[in-house]
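To keep things clear, I will list the structure first and then write my remarks on it.
Here is the naming used below: chain letters follow the sequence lines, and residue numbers restart at 1 for every chain.
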Protein chains: 4
Amino acid sequence: MPAVKTKRMPRAVREQQMLDAAVKIFGQRGYMAASMDEIAELAGVSKPLVYLYLNSKEDLFSACIRREAKALIDAVRAGARPDLPADRQLWSGLTAFFTHTARNPDGWSVLHLQARTHGEVFAGEVAAMRAEIVAFVTQLILAAARDAHRDPDLPAAEVAGLAEALVGAAESLADWANATPGVTARQAAATLMNFAWAGLGDLMNGHRWVPPADDEGDQQGSTSPVR
Amino acid sequence: MPAVKTKRMPRAVREQQMLDAAVKIFGQRGYMAASMDEIAELAGVSKPLVYLYLNSKEDLFSACIRREAKALIDAVRAGARPDLPADRQLWSGLTAFFTHTARNPDGWSVLHLQARTHGEVFAGEVAAMRAEIVAFVTQLILAAARDAHRDPDLPAAEVAGLAEALVGAAESLADWANATPGVTARQAAATLMNFAWAGLGDLMNGHRWVPPADDEGDQQGSTSPVR
Amino acid sequence: MPAVKTKRMPRAVREQQMLDAAVKIFGQRGYMAASMDEIAELAGVSKPLVYLYLNSKEDLFSACIRREAKALIDAVRAGARPDLPADRQLWSGLTAFFTHTARNPDGWSVLHLQARTHGEVFAGEVAAMRAEIVAFVTQLILAAARDAHRDPDLPAAEVAGLAEALVGAAESLADWANATPGVTARQAAATLMNFAWAGLGDLMNGHRWVPPADDEGDQQGSTSPVR
Amino acid sequence: MPAVKTKRMPRAVREQQMLDAAVKIFGQRGYMAASMDEIAELAGVSKPLVYLYLNSKEDLFSACIRREAKALIDAVRAGARPDLPADRQLWSGLTAFFTHTARNPDGWSVLHLQARTHGEVFAGEVAAMRAEIVAFVTQLILAAARDAHRDPDLPAAEVAGLAEALVGAAESLADWANATPGVTARQAAATLMNFAWAGLGDLMNGHRWVPPADDEGDQQGSTSPVR
DNA sequence: TATGAATGAGAGTTCATTCAT
DNA sequence: TATGAATGAACTCTCATTCAT
């Protein structure tokens, strides 16, 4: 199923066709197993043209990462509604996120799976995008604290860890949702909200789970999670 | 830096050396980018010997997966203490998990990153291990419910999603901890406990975050996470 | 002594060059001992080009067999003259056959020697060609019977055996002629005609050599071949 | 189905086991495709022992050729009965030949198929055996001439060609008989006697098939084969 | 006599990349 | 703008052969 072979298209269009093909192949096969031959064929052009426009396999992969990262960020941004309370913002952001990853499984695979397995260069490009999302979530956590009129004295490092955990959980759930038929974006988002939001709330109220003083042999409990 | 060339070792020993080398190379480069030459050199043996003992690149990779999966499961099992309350069990299991992944970053990479990007066969081997862990966590969640003498009427599907989210979050945090200098296993475990345990407790009390009825246009909040 | 390196030739031409080289190498070394490197070098191209056009060593060998089989059949067909009496037809067919095998020793080696030692697939391709020739000879034997206005009541099975023997003898003589300097195609053909034609004639007259009733102990001769 | 592993056997016995295995493998796979591993396993010994006794793959193959050549010659010799008339001698020799090749298909394959496709060294070893047989047949032809009390003035070269043709036909028929279920050694021998003996007789009476003076365009017949 | 451990050398095959038009 | 023709380099895998015991 190569693209219809239309000759003499403007460069920008051809490039998008190539990127479409590349994202699909890279997403399904991985960087190393993807072959430029297959990508060119799927794009409906000759291999030299791919090189003329995208320069090399590495550059092509980079371009895929950048395009898909931007698309994902844009989707999440479009889902966010700064006027809503923090929990609603998180909810809509998550929903947008899961919707996008469900609609673009290959792009998501490129970002989350493939880019991280090959060289620091690619990983760096993804890390930049991820940092943006973590920052967004961090902001929400702090906003939630403000909404609650509490200054729960959360140290920055702790907030960072929480944001990281939330984003990490979201990423894992995206893979899970894509791999599990019948799980919708809303369900994935709801699962995560249920899982995380109360915990965050507790934290802000100063209820935290305190690790036992000593790993071995100590018996002392902690704030019981079940009230 | 090839291993010291000790000659004429019994087969079982050589095999472990080869697996050590293979896990390292596979973990760092990925399945496709790893070359049998490099693995053999790192193991301090000739390539034919690798083939004689491990048969093929695929089989070698499989053997790595199986060995590392077993090691991980064993580590978590050794960390679990069935006599403790559920939260303490989760805590010690998580600590063991993060400790193991921190000490075996290459093995963890093989399991979590590399094995999932190449062929259903490999993914299946990992999935089996993951299923064991998810089952363990699921058990803990149910035990927590029992501990609290509540029958919170959590539907099985919801418990599955929660366990999935928890395991997913743990996996992501393991990557994060490995990539972020200065984060200890205990810190990672504490972050996740804080993040998750209170939420689970709330859920069992029937406090759940209810998504807005309609994505577009509805303004009304929900159970506020921040009290 | 690689072929003169002429660059940028149309595919069809290059393919023939490759087949030329392959037939030579396969014919001289055999299928297994022939190396794609050597073939590519003799063809004056790089190995990848051989693979691009001919796909694999097996396919290349198959292509050689098909090309050489066709050439041989065509040569024999071109030599046949359906208007002549049967003996003359056989003579001209044999002459064409020995001429062709003498001019294409490598092709003949591929067909007769090499193709039969590797896998049923290859043997099958040659068998098809051989069957055509045997059919042609069978026809001639029957035509000779008709020419003689005899119905010698030759059973089909016997005719088949005779045709087989004649073709087998021709094949062996082709090898012998190629290996023995100074033996021309005409000489080989004459030898075979002398050897076979009178015997056939006798057979059609009902003079056949009758084997002794019992292998051991019987003394009695048979129709003496020498009158 | 490796040979039963009996330890510490006298060298001569072990060598025969190895040759048995080697002939089987060489005969079925060909020289190049046969692997020393497979031969050693089939022989029920370790590879170094094969090298200790037989020295190298080449030497092993040579030994196979020599053993099988001797066996074949011996079989034919044992079948010959110098006291009989020439035709009966030929008959019994042929029968012995076809019987032996039918009982030792792998050995026959080594001699007739495999040895001729690899290097002049091996071909030479077979040629020596073949020469013996051709000499035997030549003798018979001359004896037949004597029996007939004729000195048909057959030039030596012609006799050589005839013997060659007869032996070649026999070789081809051996392959054919081995490949065609239901064809017995006696049938093969009878076919060849019928095919050849009358022709020889005619020749000795001076009836020979005379080739047309000119290949192209000449119409002139020849001694009609059908009287 | 006999073998487990080990390897140098080379096979077929594929791929990212470029040249010439 | 676009492509058929072509290749250097690297990969997985196999094999005949030897060493040390």
Return the minimal non-hydrogen interatomic distance between A:Val50 and A:Ala40, and the atom names on each side. CG2-CB, 3.9 Å
Restricting to non-hydrogen atoms, name the atom on B:Phe122 and the atom on B:Ser62 that form the minimum distance, rounded to 0.1 Å. CE2-OG, 3.8 Å
Can you find a donor-acceptor pair, distance only, under 3.5 Å between D:Lys47 side chain and E:dT3 base? no
Would you say the base of E:dA5 and the side-chain of B:Arg8 have a donor-acceptor pair closer than 3.5 Å? yes
Nearest-nucleotide comparison on DNA chain E, the residue closer to the 5′ end among B:Arg11 and C:Pro48: B:Arg11
B:Gln17 CD to E:dA5 P: how many Å, rounded? 13 Å
Sorted by chain and number, sequence neighbours left out, side chain to side chain donor-acceptor pair (under 3.5 Å) with A:Ser109 holds for A:Gln114
Using the ring-ring contact (aromatic ring centres under 6.0 Å, His included) criterion, which residues pair with B:Tyr53? Sequence neighbours excluded. none
Does anything in residues 106-120 of chain B form a salt bridge (charged side-chain N to carboxylate O under 4.0 Å, His left out)? List the pairs, not counting sequence neighbours. A:Asp175-B:Arg116
Which pairs count as salt bridge (charged side-chain N to carboxylate O under 4.0 Å, His left out) when at least one residue sits in residues 57-67 of chain D, sequence neighbours excluded? D:Asp20-D:Arg67, D:Arg66-D:Glu125
Salt bridge (Lys or Arg N to Asp or Glu O under 4.0 Å) involving [X] - partner list, sequence neighbours excluded:
{"X": "A:Glu38", "value": "A:Arg29"}
{"X": "D:Asp37", "value": "D:Lys47"}
{"X": "D:Arg130", "value": "D:Glu164, D:Glu171"}

Ordered by number, residues from residues 52-65 of chain B within less than 4.0 Å of DNA chain F (heavy atoms) are B:Ser56, B:Lys57
Tell me which residues in residues 27-40 of chain B put a heavy atom below 4.0 Å from DNA chain E, sorted by number, or none. none
Going by side chain to side chain contact (heavy atoms under 4.5 Å, CB included), name the residues that satisfy it together with D:Ala21, two or more places apart in sequence or in a different chain. D:Ile39, D:Leu42, D:Ala43
Residue set satisfying side chain to side chain contact (heavy atoms under 4.5 Å, CB included) with C:Met129, at least two apart, ordered chain then number -> C:Ala69, C:Leu72, C:Ile73, C:Leu111, C:Val126
Enter the inter-axis angle for the ends of the helix from E:dA2-F:dT21 to E:dT21-F:dA2 (five pairs per end, rounded to 10°). 30°
Within the pair C:Tyr51 and E:dT14, is there a side-chain N or O less than 4.0 Å away from OP1 or OP2? no
